[in-house]
Amino acid sequence: MKKFCEVCGKIVETQIISKQEIYNVCGENIEVCAQILVCAHCQEEFYCEELDNATLTAAYNQYRRNHKLLFPEEIKKIREMYGLSQRSFAQLLNWGDKTVHRYENGAIQDKVHNSLLLFLQNPENMRNYLSDNEIIIDEKQKNKLLKTLDQLNDQSQSSQAKKMTNLIFNKKPSIENGFKAFDYEKFCAMVLFFTHQCPGLPKVKLLKLLNYSDMLFYKENGISISGTRYIHLPYGPVPQDFDLLFGLLTTNHIAHVHVVYKNGYEKHQVIPDHKLMDGVLSDREIKVLERINEKFAAFGSVEISNYSHNEVGLSLDKTGRSHLLRLCKRDGSQRILISFKKGLSCCRQAFFIQL
């Protein structure tokens, strides 16, 4: 950039230098590193609106850091989280109409306003604020805000559930989980696929369908779909900690277990509470689920349990420990071989799925 330098008396090249400067912000001197446009020959300083504004913003931001004040973009994020306009947000807080606009555009908020904004970052606090204070927003806006708070609460519960599942289930990829860290979203999508395909799907059958789907996909692609670890129980292989997983599915309104009493027996059916999750499963994964569903469409809980027992043979691992996946091909057909892990040694029992 070239400018006319009054000291040099001619058009000169310019350069930007750094210089420590003191700015007074709300009665407090703030030292910042300023970027200044100067003459490349005599170092005469030139006015540059862009650089001056950037330096002023840096001074304001340093003041905010010193006093633990929210930044303009953080105030805007809080307002937008609740779906409110600047004017509606100001009315809700009993502030002047232009107050929120000024704060979001760089003006420094006072500490009382900042404390209220920090408090309202939590949706539950906003709910309490609505019930405990006299507010001047109309009933339509209030109902819309309450609906938004319900949605935020659901999102929070879902996020907490995801963190918990990652903490409990997200083991290092290995042969025991099909070389994939546990993916709760894909697990939910698999459950919803089978429960929508088969209304009133027995819980025991669903557990087997999940197991067969992960194994077949691993066999063909070298990685499982969900990263679930499976253990052997008396009625066959099931996801590890499956009761905890079903509790999460219920809490997150994905699916729930419905108990039906018939002829003195309990039937545990898995009922979907959510629509199919588009975009979570790949086309290749969906095709494997479709093949597994077709293969076992006519099987009930007893039949599919007996089927798995007949495949593994009699000497199964009764410890409930994770089993290792071993996959192979024989005579060109698709077959799955499972090796059960028992203590430090492996008691390998082969079983095959013919698809």
Side-chain angles (χ1 to χ4, degrees), residues 154 157-158 160-162 164-166 168-169 177-178 180 182-218 224-282 285-309 320 322-323 353 355:
D154 289 342
Q157 289 183 349
S158 177
Q160 290 173 4
K162 188 172 183 180
M164 187 166 75
T165 55
N166 287 338
I168 298 173
F169 300 104
N177 54 23
K180 180 183 177 72
F182 180 69
D183 190 324
Y184 177 65
E185 193 173 25
K186 283 189 181 290
F187 181 83
C188 291
M190 292 171 71
V191 169
L192 288 172
F193 174 88
F194 287 121
T195 53
H196 278 284
Q197 289 288 324
C198 181
L201 178 64
K203 179 180 176 181
V204 171
K205 181 175 179 180
L206 172 62
L207 297 176
K208 304 298 176 293
L209 295 176
L210 295 171
N211 177 57
Y212 283 139
S213 298
D214 270 329
M215 289 193 301
L216 181 59
F217 195 82
Y218 175 85
S224 73
I225 298 175
S226 70
T228 301
R229 293 157 62 95
Y230 294 90
I231 59 174
H232 175 68
L233 293 183
Y235 50 90
V238 298
Q240 188 175 26
D241 297 311
F242 66 90
D243 282 333
L244 178 56
L245 284 169
F246 272 98
L248 290 171
L249 293 175
T250 302
T251 300
N252 296 326
H253 307 293
I254 301 297
H256 71 277
V257 177
H258 177 64
V259 181
V260 177
Y261 297 93
K262 188 175 182 181
N263 299 327
Y265 292 96
E266 287 187 6
K267 292 188 176 181
H268 292 234
Q269 300 175 339
V270 184
I271 310 299
D273 297 321
H274 195 284
K275 64 181 181 179
L276 292 172
M277 301 173 74
D278 296 333
V280 175
L281 298 170
S282 67
E285 290 167 340
I286 291 173
K287 287 180 181 178
V288 166
L289 299 186
E290 289 173 343
R291 288 159 59 194
I292 292 294
N293 186 62
E294 182 180 356
K295 168 71 178 179
F296 296 107
F299 285 60
S301 298
V302 175
E303 290 82 6
I304 198 169
S305 291
N306 290 337
Y307 185 86
S308 64
H309 280 295
S322 298
H323 61 249
I353 299 176
L355 294 172

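Bear in mind that the values here come from a model prediction, so they are computed numbers and not experimental data.
Taking the ring centre of F296 as origin, the terminal cationic atom of K205 falls outside the region bounded by 6.0 Å and 45° from the ring axis.
R229 CZ to S224 OG: the interatomic distance, rounded to the nearest 0.5 Å, is 11.5 Å. Rounded to the nearest 0.5 angstrom, F242 CZ and T228 OG1 are separated by 13.0 Å. A distance of 5.0 Å separates CZ in F217 from OG in S282, rounded to the nearest 0.5 Å. I254 contributes atom CD1, which lies 14.5 Å from atom CD1 of I271 (distance to the nearest 0.5 angstrom). Put simply, OG1 on T195 and NE2 on H274 are 11.5 Å apart, with the number rounded to the nearest 0.5 Å. We find the NZ-OG distance between K208 and S213 to be 12.5 Å, quoted to the nearest 0.5 Å.
Donor-acceptor pairing under 3.5 Å is lacking for the side chains of N177 and Y218. For H253 and D273, the side-chain atoms include no donor-acceptor pair closer than 3.5 Å. Remark: the S226 side chain and the D214 side chain contain an N/O donor-acceptor pair separated by less than 3.5 Å.
Taking the side chain as every heavy atom from C-beta outward, K186 and E285 approach each other to under 4.5 Å. Using a 4.5 Å heavy-atom cutoff, the side chains of M190 and L289 are in contact. No side-chain heavy atom of Y230 sits less than 4.5 Å from a side-chain heavy atom of L207. When side chains are defined from C-beta on, L192 counts as touching M277, because their heavy atoms get closer than 4.5 Å. A heavy-atom distance below 4.5 Å is not found between the side chains of K180 and I225. V259 is not listed as a side-chain neighbour of K267, based on a closest heavy-atom distance of 4.5 Å or more.
Within 6.0 Å of CD in E303 there are more than 12 heavy atoms belonging to other residues, nucleotides or ligands.
Without hydrogens or angle criteria, N306 side chain to V302 main chain gives a donor-acceptor distance under 3.5 Å.
Contact check on D243 versus K203 returns a salt bridge, with a Lys/Arg side-chain nitrogen under 4.0 Å from an Asp/Glu carboxylate oxygen.
Shown are L249, L201, L209; of these, the side-chain contact (heavy atoms from CB on, under 4.5 Å) with V191 is made only by L249.
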- Task: May I have the step-by-step check of side chain to side chain donor-acceptor pair (under 3.5 Å) for Y212 and N293, ending in yes or no?
- Result: CA-CA 10 Å; Y212 283 139; N293 186 62; over 6 Å; no

